[in-house]
Amino acid sequence: MIAKFEGHYHGGVDEFLVSHAPSKAETDGGFRPVSGSRGTPAHVLENTLVLPFNDLAETEARIRGHADRLACVIMEPVERSYIAPDPEFLRGVREVTARNDIPLIFDEVMSGFRVAFGGAQHAYGVTPDLTCLGKVIGGGLPCGAFLGRSDILELADPRSGEFFHSGTFAGYPPAMAAGMATLDELEAPGGFEGLLEKTQNLAAEFERIVEQRHVRARVPRVGTVFSLLERGIFVKPAKPFYLSTAHDDAAIRQTIEALDDALQVA
Ligand SMILES: Cc1ncc(COP(=O)(O)O)c(C=O)c1O
């Protein structure tokens with residue numbers, strides 16, 4: 001059995017699609033496994049425990065109640081549509097999983113190299129047992145990576161014969177090269193800091209504009225990720241803004257002007 005959080009997305013796999021975007025009607029009955037795609041086998045639903053993000057008491061109770069059956073707890077430490085974690089909540093999930101010897105997996109496919117260069121785990125000071133990365137680490141080319149506790153990773157060593165892990169594109173050299181080049185650029189003096197500053201400036205401009213136009217809105221952000229939440233006007237439904245080093249001053253100016261124009265019309 002695996003445990004995952006309602007609303008969290010970890011890729012197009014039956015298990016991880018469970019309750020990744022349930023409708024309101026589907027969640028009215030409480031936190032229960034909801035199929036995320038046609039044809040989900042019954043055993044997948046039976047073997048997925050759904051947890052409530054940022055609700056430590058209920059999460060702890062559910063994990064404790066299934067501790068002897070849980071293979072892992074997986075979560076997006078900063079949910080990709082931007083729901084910030086309560087730091088106490090993250091620490092609590094780390095504690096209850098460690099106490100019950102359940103591997104905790106942080107899916108940092110979205111938050112890695114964005115919330116901080118070291119991802120949400122550095123920003124919040126919580127270390128999972130395994131981490132999944134993607135997107136930024138491939139520098140725009142298809143790439144995924146996982147890292148973490150050596151005793152778990154050693155199971156995937158072909159010599160161990162424990163766990164099959166291979167694929168045509170494993171270690172795909174162009175993606176590795178693009179990823180290394182991207183990380184080098186972010187790690188260069190001023191690289192990530194520049195991106196952070198750009199994000200702060202853009203978010204601050206957004207805040208200034210919504211205030212000036214008397215729009216009820218908030219611009220939550222963490223690291224280089226931020227979104228605009230507003231009643232009635234959604235700049236980008238359910239998705240935050242992700243700035244990259246490719247966004248130059250002209251692109252930022254254009255974004256600010258577009259928001260200003262849009263709010264003026266509204
Ligand atoms: C948080 C998160 N995890 C996992 C994935 C899945 O990555 P992929 O589409 O490469 O399987 C995504 C994709 O957007 C994601 O946002």
Side-chain angles (χ1 to χ4, degrees), residues 7-12 75-85 106-124 128 131-147 169 171-210 217-230 233-263:
H8 288 201
Y9 178 74
H10 307 294
M75 70 191 301
E76 292 183 74
V78 173
E79 200 262 348
R80 73 202 174 289
S81 307
Y82 192 76
I83 299 175
F106 274 5
D107 178 341
E108 296 231 43
V109 166
M110 279 296 195
S111 54
F113 309 106
R114 282 183 173 137
V115 169
F117 185 75
Q121 55 196 270
H122 278 193
Y124 289 90
T131 300
C132 317
L133 295 169
K135 306 200 191 285
V136 177
I137 201 173
L141 292 188
C143 177
F146 58 99
L147 57 140
F169 294 108
Y172 182 53
M176 299 299 101
M180 289 303 290
T182 303
L183 299 192
D184 282 348
E185 189 170 330
L186 285 178
E187 251 186 326
F192 195 79
E193 294 73 19
L195 195 51
L196 268 181
E197 197 184 323
K198 226 186 273 184
T199 307
Q200 294 302 335
N201 292 343
L202 181 57
E205 274 299 292
F206 271 29
E207 259 167 358
R208 188 186 61 74
I209 291 170
V210 294
R218 285 192 306 123
V219 189
R221 66 250 201 199
V222 52
T224 63
V225 184
F226 77 100
S227 65
L228 184 78
L229 299 178
E230 196 275 332
I233 301 168
F234 289 95
V235 174
K236 206 174 173 193
K239 289 276 180 266
F241 287 71
Y242 295 104
L243 258 67
S244 86
T245 49
H247 292 113
D248 57 12
D249 289 345
I252 303 243
R253 233 182 356 263
Q254 198 183 344
T255 309
I256 293 166
E257 283 165 13
L259 176 75
D260 200 21
D261 285 351
L263 294 186

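Everything numeric here is computed off the predicted structure, so don't read it as measured data.
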As an exercise, state the distance from [atom1] of [X] to [atom2] of [Y], rounded to the nearest 0.5 Å.
X: Met110; Y: Tyr9; atom1: CE; atom2: OH; answer: 9.0 Å
X: Leu259; Y: Phe206; atom1: CG; atom2: CZ; answer: 4.5 Å
X: Ser244; Y: Lys135; atom1: OG; atom2: NZ; answer: 14.0 Å

Check whether any side-chain heavy atom of [X] sits under 4.5 Å from a side-chain heavy atom of [Y], and report yes or no.
X: Asn201; Y: Ile252; value: no
X: Thr255; Y: Phe241; value: yes
X: Glu76; Y: Ser111; value: no
X: Glu187; Y: Phe117; value: yes

Exercise. Sort out for me which residue in Met75, His10, Arg80, Glu79 forms a side chain to side chain contact (heavy atoms under 4.5 Å, CB included) with Asp107.
Key: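 Going through Met75, His10, Arg80, Glu79 one by one, the side chain to side chain contact (heavy atoms under 4.5 Å, CB included) with Asp107 is satisfied by His10 alone.
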Check [X] against [Y] and note the closest heavy-atom contact, atom names and distance.
X: Leu183; Y: Val136; result: CD2-CG1, 4.4 Å
X: Leu195; Y: Thr245; result: CD1-N, 3.7 Å
X: Gln121; Y: Pro128; result: OE1-CD, 3.5 Å
X: Ile137; Y: Cys143; result: CG2-SG, 4.0 Å
X: Val219; Y: Ala203; result: CG1-CB, 3.9 Å
X: Val78; Y: Tyr124; result: CG2-CE1, 3.9 Å

Self-check item: Test salt bridge (Lys or Arg N to Asp or Glu O under 4.0 Å) applied to Arg253 - qualifying residues, sequence neighbours left out
Solution: none
Quiz item: Taking only residues two or more places apart in sequence, or in another chain, which ones meet Glu108 in a salt bridge (Lys or Arg N to Asp or Glu O under 4.0 Å)?
Solution: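 Listed in chain order: nothing, the list is empty.
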Quiz item: Hey, is CD on Gln254 packed in by over 12 heavy atoms from elsewhere, all under 6.0 Å?
Solution: no
Quiz item: Would you find more than 12 non-hydrogen atoms of other residues, nucleotides or ligands less than 6.0 Å from Asp248 atom CG?
Solution: yes
Self-check item: Tyr242 six-ring centre to Arg114 NZ/CZ under 6.0 Å and within 45° of normal
Solution: yes
Quiz item: For Gln200, what residues pass the side chain to side chain donor-acceptor pair (under 3.5 Å) criterion, not counting sequence neighbours?
Solution: Arg221
Quiz item: Are any side-chain N or O atoms of Lys198 and backbone N or O atoms of Leu243, one a donor and one an acceptor, separated by less than 3.5 Å?
Solution: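 Side chain of Lys198 to backbone of Leu243: no pair is present.
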